[in-house]
Amino acid sequence: MANPTPKYRAPALDKGLDILELLAGAKRPLSIAEISEGVGRSRGEIFRMLQVLEERDYIARGEGDIGYSVTPRLFRLGMEQPPVKSTIEAAMPVMHRLADASGQACHLVVPSGEQIVVVARVDPPGEIALVVRVGHRRPMAKSTSGHVLLAFQEEQVRQRWLDLITRYDPALERKKLIKLLTQLRARGYATEHSNVVDAVTDISAPVMHHGSAVCALTIPYLEQQTTAQTMEDVIEELLRATREISDTLQFGMSSQPD
């Protein structure tokens, strides 16, 4: 179905949003010529817009003026949204207890278009752990946290997200992924070998609100010789943590850990 014709037009705003969306999806800084080609506008049309976006700290030039890239400003604005902010506020005390109890780092992930983004993290008290920076993004279909977010959605929402993912990744094996999501939902959590770091197993479980996952709490699990904690012990701690955060979001109060 064709997109409906907008009722109102704001050409300057359209240009700014086109530039931001292009740079947000770029893997490296883009030159003015590349931005011009990417948004289908002349250099003259976008030059002043680039200056304004740079002055407002939405984009920045890299060292040596190698091109433009987006700054964390949009991410910081998104973090101030009440749903995200309240989820982080509810999760952080629980995440600290989880890191202490499991001896592992943990991070909180939310959906962002066809991707996932890390919005909070807690490091463990020990010296060894794999930590993921806040703001880190990955394709939803290629991350353990993304699989959890997909699995614990209403069917209509899941299919809409899969349609979006397929537009960005036409080679997606949709049937294979749906089978994995069905298994994951039945089990209640995911354990998958990291496709980024060897010897790491990503363990992830959903934080639920009104029957759907609003975020995923994930541990990049490293087996350590200095602790008696097994992966099964860590999974139990993770599931306890996600239940507690879910209860806080649902009832507005934090239950005490067992």
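All values below come from the heavy atoms of this structure, side chains included, with hydrogens, waters and symmetry mates left out. Sequential numbering from 1 along the given sequence is applied to the chain's residues.
There is a side-chain donor-acceptor pair under 3.5 Å between T218 and S145. In this model, no donor atom of one side chain and acceptor atom of the other lie less than 3.5 Å apart for Q51 and E55. Using modelled atom types, one finds a donor on one side chain and an acceptor on the other under 3.5 Å when comparing S112 with R137.
T248 places no side-chain N or O within 3.5 Å of a backbone atom of A90 that could act as its donor or acceptor partner. Panel note: side chain E21, backbone D18; no donor-acceptor pair is recorded below 3.5 Å. Formation of a donor-acceptor pair under 3.5 Å by the H147 side chain with backbone atoms of A141 is found in this model.
Between K15 and V39 the shortest side-chain heavy-atom distance does not fall below 4.5 Å. Between R240 and E236 the shortest side-chain heavy-atom distance falls below 4.5 Å. Here the side chains of E237 and R97 are not in contact, with every heavy-atom distance at 4.5 Å or above. Within the 4.5 Å cutoff, the side chain of L162 has heavy atoms near those of the I178 side chain. In this structure, I32 and L50 have side chains that are in contact, with non-hydrogen atoms separated by less than 4.5 Å. Side-chain atoms of Y68 and L23, non-hydrogen and from C-beta on, do get closer than 4.5 Å to each other. Put simply, the side chain of I219 reaches to within 4.5 Å of the side chain of L98, judged on heavy atoms. Looking at E223 and T230, their side chains never come closer than 4.5 Å, going by heavy atoms from C-beta outward.
Taking every heavy atom of both residues into account, Q153 and A213 meet most closely at NE2-O, 2.8 Å. In plain terms, the two heavy atoms of R121 and V134 that are nearest each other are N-CG2, 4.1 Å. Shown here for R185 and A151, the closest heavy-atom pair between the two residues is NH1-O, 2.7 Å. G188 and L239 make their closest contact through O-CD2, 4.2 Å (heavy atoms, listed as atom of the first residue, atom of the second, distance). Shortest non-hydrogen contact noted between R138 and H136 is CG-NE2, 3.2 Å. Taking all atoms of both residues into account, the shortest heavy-atom contact from M208 to S246 is N-OG, 2.8 Å.
L164 and L181 end up in different hydrophobic clusters when Ile, Leu, Val, Met, Phe, Trp and Tyr side chains are linked at under 4.5 Å. One hydrophobic cluster holds both I88 and L238 under the rule that ILVMFWY side chains link at heavy-atom gaps under 4.5 Å. Residues V148 and V117 do not share a hydrophobic cluster, defined by chaining ILVMFWY side chains whose heavy atoms lie under 4.5 Å apart. V234 and L217 fall within the same hydrophobic cluster, defined by Ile, Leu, Val, Met, Phe, Trp and Tyr side-chain heavy atoms under 4.5 Å apart, directly or through other members. Residues I165 and F152 do not share a hydrophobic cluster, clusters being chains of Ile/Leu/Val/Met/Phe/Trp/Tyr side chains in contact below 4.5 Å.
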(request) Applying salt bridge (Lys or Arg N to Asp or Glu O under 4.0 Å), run through R174 and D163 and close with a yes or a no. (result) CA-CA 10 Å; R174 189 159 176 159; D163 289 343; 2.8 Å; yes
(request) Test side-chain contact (heavy atoms from CB on, under 4.5 Å) on L180 and E192 and set out the steps. (result) CA-CA 11 Å; L180 172 65; E192 300 175 11; 4.0 Å; yes
(request) For L108 and T87, run side-chain contact (heavy atoms from CB on, under 4.5 Å): C-alpha distance rounded to whole Å, both residues' side-chain angles, the deciding distance at 0.1 Å, then the answer. (result) CA-CA 9 Å; L108 198 68; T87 301; 4.1 Å; yes
(message) Could you go through V200 and D202, starting from their C-alpha distance and side-chain angles, then the distance that decides it, and tell me whether this counts as side-chain contact (heavy atoms from CB on, under 4.5 Å)?
(response) CA-CA 6 Å; V200 169; D202 292 324; 3.8 Å; yes
(request) Step by step, work out the side-chain contact (heavy atoms from CB on, under 4.5 Å) result for R28 and E34. (result) CA-CA 11 Å; R28 57 174 177 79; E34 290 171 319; 2.7 Å; yes
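Taking a 6.0 Å sphere around CD of E154, one finds it holds 12 or fewer heavy atoms contributed by other residues, nucleotides or ligands. When the shell of 6.0 Å around CD of E155 is examined, it contains more than 12 heavy atoms from other residues, nucleotides or ligands. Around CZ of R187, the count of heavy atoms belonging to other residues, nucleotides or ligands within 6.0 Å exceeds 12. Shown here is E37, whose CD atom has no more than 12 heavy atoms of other residues, nucleotides or ligands within 6.0 Å.
Atoms CE and CD1, on M140 and I116 in that order, are 8.0 Å from each other to the nearest 0.5 Å. Taken to the nearest 0.5 Å, the CG atom of L130 stands 11.0 Å off from the OG1 atom of T201. Between the CD1 atom in I245 and the CD atom in E89 there is a gap of 13.0 Å [rounded to 0.5 Å]. To the nearest 0.5 angstrom, T166 atom OG1 is 11.5 Å from E173 atom CD. The OH atom of Y168 lies 5.0 Å from the CD atom of E114; values are rounded to the nearest 0.5 Å. With rounding to the nearest 0.5 angstrom, the OG atom of S102 is 8.5 Å from the CD1 atom of I203.
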